[in-house]
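Letters A, B, ... mirror the listed sequences (proteins, then strands); counts begin at 1.
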Amino acid sequence: MTVAYLMNLAVNGAVEGLLVGLLALAVTLVFGVARFPNASAGDVAMVGAYSGWLLQSAIVSLGPLSLVFAGVTAMASAALVSLALYWLVFRALSGRVGVYALIASIGAAFVLRSVVTFFLGHDQQVFAVPLTRALSIGPLRVLPIDLWVGAIALAAMVCVFVILRMTAMGRRMRAIADNPQLAMVSGIPAARTMSGLWLMAGALSGLAGCLLGLKTVIAPEMGWDLLLPAFAATILGSVGNPLGAVIGGVIIGIAQEVSTPFVGFTYKIAIGFVVMLLVLLVRPEGLFVARARVR
Amino acid sequence: MALIISDLVAGYGGAAIVKGVGLSVEPGRIVAIAGTNGSGKSTLVKAVMGLVPKVEGKVDLDGTNLLALPAEARVAHGLGYVPQVANVFTTLSVWENLAVVECGGDRKARIAQMFERFPALAERKAMAAGHLSGGERQQLAFARALMLEPKYLILDEPTAALSVALVEQVFTLIRELPQLGIGVLLVEQRARLALEIADDGIILDQGSEVMAGPAAELLEDNRMAELYLGHAPT
Ligand SMILES: Nc1ncnc2c1ncn2[C@@H]1O[C@H](COP(=O)(O)OP(=O)(O)OP(=O)(O)O)[C@@H](O)[C@H]1O
Ligand SMILES: [Mg+2]
């Protein structure tokens, strides 16, 4: 095992980490505003990946352009599923303690997975991606697709931060996250703002699922497998802190990949949680102060 | 035209905290609600705003029955509220605290007005509201509520955490509100202080009215001193 090999793993881990971070961002946004850990985010991502794949299968003759449409479809369909879950399930539970919504979200996750496997089966699927050679950058060998995946994930994150900081909708979301009662008596329309939040979280999840599908394969369990490290990343980066979620995701992605030669592929998810637990021992509030919330 | 509260019973699910209270505020007047710690003042005004789970009775704002409406809609009917605690969005900047308010009309012009009125806030536009001093924070809480151009404004112990000098400053602000045509419902623990600037007053004890009437008369009443014995009237 060489240093170059480990470095390659680290790069691969960073790209996967960005995807973990993307889903963690969706989880932390919902947590900051709706105040519960949304366990359906992973399966919403899976729905996004499958709908992107279905669309691409139909228009594969368009070449690489079909992937762009697949990405847009993944985001749109996941956003709609996410919005539907809010209106059908989570809105009614919003006055209760978070445990109700958490359990409901686990249920929603299983329902989504059942629906997808009922219609599309359990088989793994892949996007039709043009074959390319790995680029050599010093000792690193990077696939162009990984560069694309990483760049798109980063761009999506920048969009989220711009929406949160610079738009009226983002301001309303941060106000509700900060103080829901004061938001109410400031006339901020709660249902409309929450709809925007769930659409945004859904689109992020869908993109994460689609990009993960591009990088690896599309499978019914992919969302759940991405959700666990995303939860770890959310906690690592201080729950409710968007930037923390992204950084937490990258740390966990790198830790998982770099550890595989030592512990094997099966245990890499456990490594994410070990990293999280170690950090929490030193900093119980997570890497970043809770005060810096969505908020 | 008035905000009329009658036979209001309110609580959080267990026993009623407010047990049948009535009062009315007209535009341009100040009504003080006084009472000791835990007498139910905040619960009363929260019930009027729609922030308490169990409410019975009647709240009528210029002919609209408010109890049938959710909190956001009450605000749209012209009811403003400055809560006792957590009355600004601490993680939003000063400017964002005002910009986020859902007011009809020209938001930019209104923000400019507020900054003209509260110059200290204008200087700290970009600062997170959580970093403001106590006095500035209270100004921001007022400005946020005034963004909605309320017809009636509820102030829940606006001076509770402030130094003596700042208390005077806030009371000056409150005295100006009736000139804007606003009806003020002022909650205060310190009855005397509140009654001095109020037109009318009501004294609560354990969720029930013990005295009510014109502020000047209440100030003369011996029972006030009795009620506040051991509570150090101000
Ligand atoms: N969210 C709540 N849930 C349950 N009980 C509450 C809640 N808020 C207040 N109470 C109870 O209601 C009673 C009245 O409280 P309230 O805050 O209305 O009093 P207050 O007159 O505003 O007091 P203070 O002068 O200290 O602000 C108290 O016994 C309090 O414990
Ligand atoms: Mg109170």
For this session: Would you check if A:Met200 and A:Met173 make a side-chain contact, meaning some heavy-atom pair closer than 4.5 Å?
Result: yes

Problem set entry | chain A-proximal positions within residues 48-62 of chain B [heavy-atom distance under 4.5 Å] | B:Met49, B:Leu51

For this session: Check step by step if salt bridge (charged side-chain N to carboxylate O under 4.0 Å, His left out) holds for B:Arg29 and B:Asp200.
Result: CA-CA 8 Å; B:Arg29 291 177 70 86; B:Asp200 298 297; 3.2 Å; yes

Exercise. Does anything in residues 137-146 of chain B get under 4.5 Å of chain A by heavy atoms, and if so which residues?
Worked result: B:Arg144

For this session: Determine, stepwise, if the pair B:Gln169 / B:Thr172 fulfils side-chain hydrogen bond (donor to acceptor under 3.5 Å, both in side chains).
Result: CA-CA 5 Å; B:Gln169 189 187 323; B:Thr172 308; over 6 Å; no

Seminar exercise, completed: Scored by heavy-atom pairs under 4.5 Å with chain A, the best of B:Lys46, B:Glu72, B:Arg74 is B:Glu72

Problem set entry | side-chain contact (heavy atoms from CB on, under 4.5 Å) partners for B:Ser24, two or more places apart | B:Ile4

Problem set entry | Donor-acceptor side-chain pairing of A:Thr167 and A:Arg172 below 3.5 angstrom | no

Problem set entry | Side-chain touch A:Leu85/A:Phe90, heavy atoms, less than 4.5 angstrom | yes

For this session: Give every residue pair that meets the side-chain hydrogen bond (donor to acceptor under 3.5 Å, both in side chains) criterion with at least one member in residues 188-206 of chain A, sequence neighbours excluded.
Result: A:Trp87-A:Ser195

Problem set entry | Within 45° cone of A:Tyr100 ring axis and under 6.0 Å: A:Arg96 NZ or CZ | yes

Exercise. Stepwise, does the side chain to side chain contact (heavy atoms under 4.5 Å, CB included) test hold for B:Phe115 with B:Leu98?
Worked result: CA-CA 10 Å; B:Phe115 281 151; B:Leu98 302 180; 3.9 Å; yes

Problem set entry | Contact leader toward chain B among A:Gly187, A:Pro189, A:Ala183, A:Ala175, where contacts are heavy-atom pairs under 4.5 Å | A:Ala175

Exercise. Counting heavy-atom pairs under 4.5 Å to chain A, which of B:Val100, B:Leu148, B:Val101 comes out on top?
Worked result: B:Val100

For this session: Kindly indicate, with the supporting measurements, whether the criterion side chain to side chain contact (heavy atoms under 4.5 Å, CB included) is fulfilled by B:Glu157 and B:Gln189.
Result: CA-CA 7 Å; B:Glu157 300 201 32; B:Gln189 253 189 60; 3.8 Å; yes

For this session: Check each atom of B:Ala99 against the heavy atoms of chain A and say whether the ones under 4.5 Å are side chain, backbone, both or neither.
Result: both

Exercise. Are side-chain heavy atoms of B:Ile174 and B:Val170 found at a separation under 4.5 Å?
Worked result: yes

